Amino acid sequence: MAHKKSIIIITLLLVVGIMAWSLAAGQTVDQRGVLTGRVLSNGLIAPGAMAREGDILVYVDTITGPAVAVRANVDGIVREVLVKPGDKVRTGDVLVRIEPFKK
């Protein structure tokens with residue numbers, strides 16, 4: 001009987017943990033690139049950095065030279081940078097994820 005209770009308690013804890021994780025994961029905002037090119041190291045935002053709406057997050061090298069690939073569209077903390085210098089990106093690719101500040 002005690003073994004069944006332990007299994008039920010562990011199962012409930014796992015379900016609650018998965019629900020909490022899924023709620024937290026849904027709180028990031030994807031920042032999509034607006035240009036195609038190779039990611040440059042200069043100006044590449046780092047995870048954990050604070051970003052304000054309009055801040056430049058990623059530069060790419062295009063046929064016309066360096067250009068802004070994505071700007072922040074929300075205020076928040078950068079949680080993920082999905083590219084690294086040298087990566088080839090296309091318009092519409094998710095490059096950065098930001099966790100918005102609570103209002």
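Because the structure is a prediction, the values reported are computed rather than measured.
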Find the distance between [atom1] ([X]) and [atom2] ([Y]) and round it off to the nearest 0.5 Å.
X   : Y   : atom1 : atom2 : result
D75 : M50 : CG    : CE    : 8.0 Å
L35 : T64 : CG    : OG1   : 8.0 Å
H3  : I8  : NE2   : CD1   : 10.5 Å

Closest heavy-atom pair and its distance - [X], [Y]:
X   : Y   : result
L44 : L40 : CB-O, 3.8 Å
R38 : G86 : NH1-O, 3.2 Å
R79 : P47 : O-CB, 4.2 Å
L95 : G33 : CD1-CA, 3.8 Å
A72 : R52 : CB-O, 3.4 Å

field: Donor-acceptor contact present, side-chain R90 to main-chain T36, <3.5 Å
entry: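 Between the backbone of T36 and the side chain of R90 there is no qualifying donor-acceptor contact (under 3.5 Å).
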- prompt: Between the main-chain N or O of N73 and the side-chain N or O of Q31, is there a donor-acceptor pair closer than 3.5 Å?
  reply: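 Here the side-chain-to-backbone pair exists.
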Among D30, I77, V81, the one residue meeting side chain to side chain contact (heavy atoms under 4.5 Å, CB included) with R97: D30
Say whether [X] and [Y] are linked into one hydrophobic cluster, either directly or through other cluster members, by side-chain heavy-atom distances under 4.5 angstrom.
X   : Y   : result
V34 : V39 : yes
L82 : L57 : no
V96 : V68 : no
I56 : I98 : no
V78 : Y59 : no

- prompt: Just wondering, do K88 and V60 contact through their side chains at under 4.5 Å, heavy atoms?
  reply: no
- prompt: So with a 6.0 Å cut-off around CG of L12, is the heavy-atom count from everything else above 12?
  reply: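 Check passes, neighbour count above 12.
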